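In this text the structure is predicted, and so the values were computed from the model without any measurement.
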Amino acid sequence: MLIKSTTRHIRIYAAEIQNNELIPSEQVLTLDIDPDNEFNWEEMTLQKVYRKFDDLVESYSGEDLNDYNLRRIGSDLEHFIRGLLNKGEISYNLDSRVLNYSMGLPKVESPDSEGKYLLS
C-alpha cells in the first residue's frame, strides 16, 4: 500500500520512482516540492527545503512509517515554505496556472509605502 501525504505545496510518498512510476517502499521517501509551480525558486532555497525535510525525517527516526507521521512532516514543510515567502526568499510565480495566493496575498510596492513592501 502506498503511504503518502499531500498538501498544497508538498507531496511526500513512501515510494521510489522507477520508470516514471511510484513503487511503494518502506525505506525511501520521495519529496515533490511545489508541484503546481506556484512559486519562483532559487536552487539555494530549494536546498533549504530539502535540508528541512531531511531534518524532519531524522526527527521521526524510530517512529512508525504511516500517513499520520508523513502528514506531520508535510505540514511542517508547508509552514517552512510560508516562512520563506514571508522573508522574501521565494515569491509567487505570476505565470503559474494557479494564482490563488494560498499562502497570503503577494507583496506589492505601494506609492504610500515609500519604497517599503506591504502585504495587501
If I take atom [atom1] from residue [X] and atom [atom2] from residue [Y], how far apart are they, to the nearest 0.5 angstrom?
X: L65; Y: Q27; atom1: CG; atom2: CD; value: 9.0 Å
X: K48; Y: I81; atom1: NZ; atom2: CD1; value: 13.0 Å
X: I10; Y: I73; atom1: CD1; atom2: CD1; value: 11.0 Å
X: K4; Y: L29; atom1: NZ; atom2: CG; value: 14.5 Å
X: L77; Y: R72; atom1: CG; atom2: CZ; value: 13.0 Å
X: S75; Y: L70; atom1: OG; atom2: CG; value: 12.5 Å

Verify same cluster id: [X], [Y] (apolar side-chain graph, 4.5 Å):
X: Y68; Y: L31; answer: no
X: V57; Y: L46; answer: yes
X: V28; Y: Y50; answer: no
X: I3; Y: Y13; answer: no
X: I17; Y: I33; answer: no

Q: Please name the pair of heavy atoms, one in S5 and one in G74, separated by the smallest distance, quoted to 0.1 Å.
A: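 Scanning both residues completely, I find the closest heavy atoms to be OG-CA, 4.3 Å.
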Q.
To check you understand the geometry: which heavy-atom pair defines the closest contact between R8 and P35, and what is its length?
A.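 Heavy atoms only, the tightest pair is O-CD, 4.4 Å.
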Q. Can we say R71 and D67 salt-bridge, meaning some charged N sits less than 4.0 Å from an Asp/Glu carboxylate O?
A.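 Looking at R71 and D67, the cut-off is met.
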Q.
Just so I know, are the side chains of R51 and Q47 near enough to count as touching, which here means a heavy-atom distance under 4.5 Å?
A.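 Side-chain contact under 4.5 Å: yes.
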Q. Does the side chain of K52 come within less than 4.5 Å of L56's, by heavy atoms?
A.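 Counting from C-beta outward, L56 and K52 do come under 4.5 Å.
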Using atom types as modelled and distance alone, determine if a side-chain donor or acceptor of [X] lies under 3.5 Å from a backbone N or O of [Y].
X: D36; Y: R97; answer: no
X: T30; Y: A15; answer: yes
X: N93; Y: N37; answer: yes

Q: Return the set of residues passing ring pair (Phe, Tyr, Trp, His ring centres under 6.0 Å) with F39 (not counting sequence neighbours), or none when no residue passes.
A: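 Only H9, Y92 meet the ring pair (Phe, Tyr, Trp, His ring centres under 6.0 Å) criterion with F39.
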Q: Using a cut-off of 6.0 Å, state whether more than 12 heavy atoms not belonging to Q18 lie near its atom CD.
A: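 It does: Q18 CD has more than 12 such atoms within range.
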